[in-house]
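Read the numbers this way: they start at 1 and go in the same order the structure lists the ligands and their atoms. Both backbone and side-chain heavy atoms feed into the values below; hydrogens, waters and symmetry mates do not.
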Amino acid sequence: MPQNTLAPAGEVARDILSLFRLIFWMAVVVFVVVQGLLVYAIFRFRRKPGDTAMPAQVHGNTPLEVAWTIAPAVILAVIAVPTIGTIGKLAEPPDGKPVVQVSVTGHQWWWEFQLPELGVLTANELHIPVGSRVNATLKSADIIHSFWVPRLSGKSDLFPGSRTTSRWFDADQPGEYQGQCAEFCGASHAHMKFRVIAQTQADFDAWVRAQKAPAATPTGRAADGAALFTNPSKLCYTCHTIDGTTAQGKVGPNLTHFASRGTLAAGLFERTDENIATWLRDPLAVKPGSKMPNLGLSDTDIQTLVTYLQALK
Ligand code: CUA
């Protein structure tokens, strides 16, 4: 399902759409009235054959001026009342449903999602339970980004430094909802995607349990991959964390449960062996400006690392 604010799948997105509809239709009425009067005036008062005298010169028309002052004021008031009401409602999650806290950190060019109360840290795929409200606190690790899930929520900017922003949203139905960075943030801004995966409470609880479990113990070729990952000549471990190993880098996404995610490279690709290999071979070729360098890995190293990464369920 494409990103579409006109197909809301949660309360916040619906509230925003109903404001949009109100303003849209009022704008349509204003457009038709103004353009209608314009077209009328053009034809009614055009110069006709035989017109020689100057048209009547008028100055000021009190009733008209009063009317076109009051009409916009009324229109703006009609827009302002529900707008202010909605802004107030969206400021913090209303009572009545459980709330899941999520900390979102924007990075060039990927998303970090932490569920602090549940002890979960993941990247680019945010799982949420249907029936709860998500209360997100947002910040950036580098420059300004913007969090946007068109079918679930409006946009919130993420700022570097100590300033955080927040927003809440929810999903009506289990499903996958595409998100996208909505603030230009450099070469791979367009590739800074993510997914919100809404699940039933039972599925969500199972996901949380799996995320909290220790990383899978690699065997066979995957064990060779684990050794490569933390080998000083390969450098993977300097940027990525895999819990329970010496890989504790914080620059890139945490890969402890990499293979539980459906995608890689900030939602750019499906997580297939082939796509992971393409990524490892030359990240910059597929994601311009990527902070992950070309590590000059041999095809054998790549296949070994793919096996390991795909074992990190
Ligand atoms: Cu991050 Cu655009």
### Name of the H145 atom (N/O/S only) found closest to atom 1 (Cu) of ligand 1
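Nearest N/O/S atom: ND1.
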With a cut-off of 6.0 Å (strictly less than), are more than 12 heavy atoms of other residues, nucleotides or ligands near CD of E92?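 No, CD of E92 has 12 or fewer neighbouring heavy atoms, counting only those of other groups under 6.0 Å.
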*asked:* Quick check on F45: does its CZ atom have over 12 non-hydrogen neighbours (other residues, nucleotides or ligands) under 6.0 Å away?
replied: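 Check passes, neighbour count above 12.
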Among the N, O or S atoms of H189, the one nearest atom 2 (Cu) of ligand 1: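 Result for H189 and atom 2 (Cu) of ligand 1: ND1.
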(message) From the N, O or S atoms in E183, identify the one nearest to atom 2 (Cu) of ligand 1.
(response)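 Result for E183 and atom 2 (Cu) of ligand 1: O.
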Which value, rounded to 10°, describes the SG(C181)-atom 1 (Cu) of ligand 1-SD(M192) angle?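 Here the angle at the metal atom is close to 110°, to 10°.
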- Residues K155, E183: salt bridge by 4.0 Å N-O rule: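 Looking at E183 together with K155, the answer is no, because their closest N to O distance does not fall below 4.0 Å.
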Task: Which atom of M192 lies closest to which atom of H107, heavy atoms considered - done: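 Scanning both residues completely, I find the closest heavy atoms to be CE-O, 3.3 Å.
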